[in-house]
Colleague: 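Before anything else, here's the structure in question.
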Amino acid sequence: MKYDRILIRYGELSTKGKNRNHFITHLKRNIRGVLKEFKNISIQGGHDRMFILLNGEDSKQIMQELSKVFGIQSFSLAVRTNKNIDEMKEIGLKLVQQLYHNGATFKVSTRRGDKTFEYDTNEINHAIGSHILMNIEGLKVDVKKPDINLIVDVRKDGVYLSSEIIQGAGGLPVGSSGKAMLMLSGGIDSPVAGYLTMKRGVKIEAVHFHSPPFTSERAKQKAIDLAKKMAAYNGFVKMHIVPFTKIQEIIHKKIPEGYSMTATRRLMLRITDEIRRINNGLAIVTGESLGQVASQTLESMVAINDVTTTPILRPLISMDKLEIIDIAQKIDTYDISNLPYEDCCTIFTPPAPKTRPKLDKIQHYETYVDFDSFIKEALENVETIIVSTENESRKEGFSDLL
Ligand code: ATP
Ligand code: MG
């Protein structure tokens, strides 16, 4: 007996009333995105649950990918039968036979979503259970802690039998809460911020600043590799790579040293906000955590945030570094982030940046330079790529994905 499908139970979205279709559409698209390499599967989206028909594809690999998709409460490998008690008994027996080992205990747990079915829950448990007991020698019932739990789900369109419920990633389907731009460095924090934002249903596009030749090709590749980890949650991530060398050089020359970091952040934020506007994003996400470094004091945030009224989401704001590292390890970004390649900001960081910059001062210093033309030039030279879960990242042009 081979499982022919994966049954998917929805998470929080089942409580979302009218928005349900919207959520289901996003969930289906994201599942299709992460499973795009499995060409034979088909996905059936229903009001209460979704099915992935395997059509011969490897269920193990598929389940591994599925465990990252937000909006899924749990899933199970399942077999469908007709609503016929004899057929249910036979398939149930075959499933338990496969799982049976010497001395194993079992129980049957029936859920009857379709109340019109001729047998009630107890009758179904009893009919299937006794058929199995009669046919497997040595098998015993244990209703409290069985080794094998045969789950029988009677629904309008058929009966689904499964034996294990696997916890999903929870959260909301990526995209169902709108889109934001993630300022993605090569560090530990910003990928974690991206992950947490996606978990609440926000689709992200990554914005990365690099300063060749001060930063190497490997530093850029590191950010792309981190974006690839983000892509695992819905299949792909659009990434904007901004050439930042000229701006950093002019800041270094013209802005008093204590304020160069504040100026750098303000310019990064202005450029990110412009990319957000062009791409119809609603917010900006950063990996800032209060008090971690000089740029992350409240005074610094006041001075930097001044350049935009766009909401800035900072999911890590109250977290300790160790809590952040914990999540980074869980989502498998920690080792990449720890690679030693230089970041564009650290290279130009002065020995003593102001931890309490004054807004009026930085506003004044910025008048020394015509930054608008530098911003325009940087925007004209942004490189936009689609980073996919597949091995190579592809140039933009995959409009079906967007
Ligand atoms: P991270 O670990 O994410 O690099 P950090 O603790 O090193 O964060 P900062 O270097 O002060 O802190 O950066 C604060 C935030 O600014 C980052 O979390 C990120 O969102 C953004 N940022 C920093 N450098 C870059 C960059 N090169 N490209 C894009 N965003 C950046
Ligand atoms: Mg950093």
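Counting convention: from 1, in listed order, for ligands and their atoms alike.
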Colleague: With no hydrogens and no angle check, just 3.5 Å: does a side-chain donor-acceptor pair link Gln221 and Asp225?
Modeller: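 Note: Gln221 and Asp225 side chains meet the donor-acceptor criterion.
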Colleague: Does one side chain, of Arg276 or Thr308, offer a donor that lies under 3.5 Å from an acceptor on the other?
Modeller: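 Distance-only check fails for Arg276 and Thr308.
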Colleague: Who gets closest to atom 20 (O) of ligand 1 by heavy atom: Met183, His210, His240, Glu288?
Modeller: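 Answer by nearest heavy atom: Met183.
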Colleague: Does the side chain of Asp58 pick up a donor-acceptor pair with the side chain of Gln61 at under 3.5 Å?
Modeller: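 Short answer, yes.
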Colleague: Can you confirm, on distance only, whether ligand 1 has an N/O atom lying under 3.5 Å from any N/O atom belonging to Thr286?
Modeller: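 Such a contact does not occur with ligand 1.
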Colleague: Could you verify whether a donor N or O on one side chain and an acceptor N or O on the other, from Glu383 and His240, lie under 3.5 Å apart?
Modeller: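 Distance-only check fails for Glu383 and His240.
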Colleague: Heavy-atom distances under 4.0 Å are what count here, so tell me which part of Arg265 touches ligand 1: side chain, backbone, both or neither.
Modeller: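 Side chain only.
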Colleague: Identify, by atom number and element, the atoms of ligand 1 in contact range of Asp189, meaning under 4.0 Å from any of its heavy atoms.
Modeller: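 So the answer, numbered in order with elements, is 1 (P), 2 (O), 3 (O), 5 (P), 6 (O), 8 (O).
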Colleague: Pro191 versus ligand 1: do any nitrogen or oxygen atoms come within less than 3.5 Å of each other?
Modeller: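 So ligand 1 has no N or O lying under 3.5 Å from an N or O of Pro191.
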Colleague: Looking at ligand 1, does any of its N/O atoms fall within less than 3.5 Å of an N/O of Phe209?
Modeller: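 Looking only at distances, the answer is yes, because the N/O contact criterion of under 3.5 Å is met.
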Colleague: Can you confirm whether the side chains of Tyr3 and Ser163 place a donor and an acceptor under 3.5 Å from each other?
Modeller: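 Looking only at side-chain atoms, Ser163 and Tyr3 do form a donor-acceptor pair, the distance falling under 3.5 Å.
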Colleague: Looking only at distances, can you tell me whether any N or O atom of Gly287, backbone or side chain, sits closer than 3.5 Å to an N or O atom of ligand 1?
Modeller: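 Yes, there is a polar N/O contact under 3.5 Å.
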Colleague: Using a 4.0 Å cut-off to any heavy atom of Gly187, which atoms of ligand 1 qualify?
Modeller: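 Those of ligand 1 that fall under 4.0 Å from Gly187 are 1 (P), 2 (O), 4 (O).
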Colleague: Of the non-hydrogen atoms in Leu226 and Gly187, which two are nearest, and what is the gap between them?
Modeller: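 Leu226 and Gly187 have their closest heavy atoms at CD1-O, 4.1 Å.
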Colleague: Ligand 1 and Gly186, any nitrogen or oxygen pair closer than 3.5 angstrom?
Modeller: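 N/O-N/O distance below 3.5 Å does not exist for this pair.
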Colleague: With a cutoff of 4.0 Å, is Met268 in contact with ligand 1, counting heavy atoms of the residue only?
Modeller: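 A heavy atom of Met268 does come that close to ligand 1.
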Colleague: For ligand 1, indicate whether the residue Leu184 contacts it via side chain, backbone, both or neither (heavy-atom separation under 4.0 Å).
Modeller: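 The answer is the backbone of Leu184.
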Colleague: Whether Glu249 and Lys246 form a salt bridge (side-chain N of Lys/Arg under 4.0 Å from carboxylate O of Asp/Glu) is what I want to check.
Modeller: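 No, this pair does not count.
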Colleague: Give every residue pair that meets the side chain to side chain donor-acceptor pair (under 3.5 Å) criterion with at least one member in residues 120-132, sequence neighbours excluded.
Modeller: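 Pairs touching residues 120-132 that pass the test: Glu90-His131, Thr110-Asn125.
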Colleague: Before signing off on this row, confirm whether Lys321 and ligand 1 have an N or O atom pair separated by under 3.5 Å.
Modeller: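 For ligand 1, there is no N or O atom that lies under 3.5 Å from one belonging to Lys321.
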Colleague: Please could you name the atoms of ligand 1 that Ile188 approaches to less than 4.0 Å, counting only its heavy atoms?
Modeller: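 That gives atoms 2 (O) of ligand 1.
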Colleague: In terms of atom number and element, which parts of ligand 1 are under 4.0 angstrom from non-hydrogen atoms of Val207?
Modeller: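 Matching atoms, with element in brackets: 29 (C).
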Colleague: Will you find, in the side chains of Gln363 and Asp306, an N or O donor that is under 3.5 Å from an N or O acceptor?
Modeller: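 Indeed, the side chains of Gln363 and Asp306 share at least one donor-acceptor pair under 3.5 Å.
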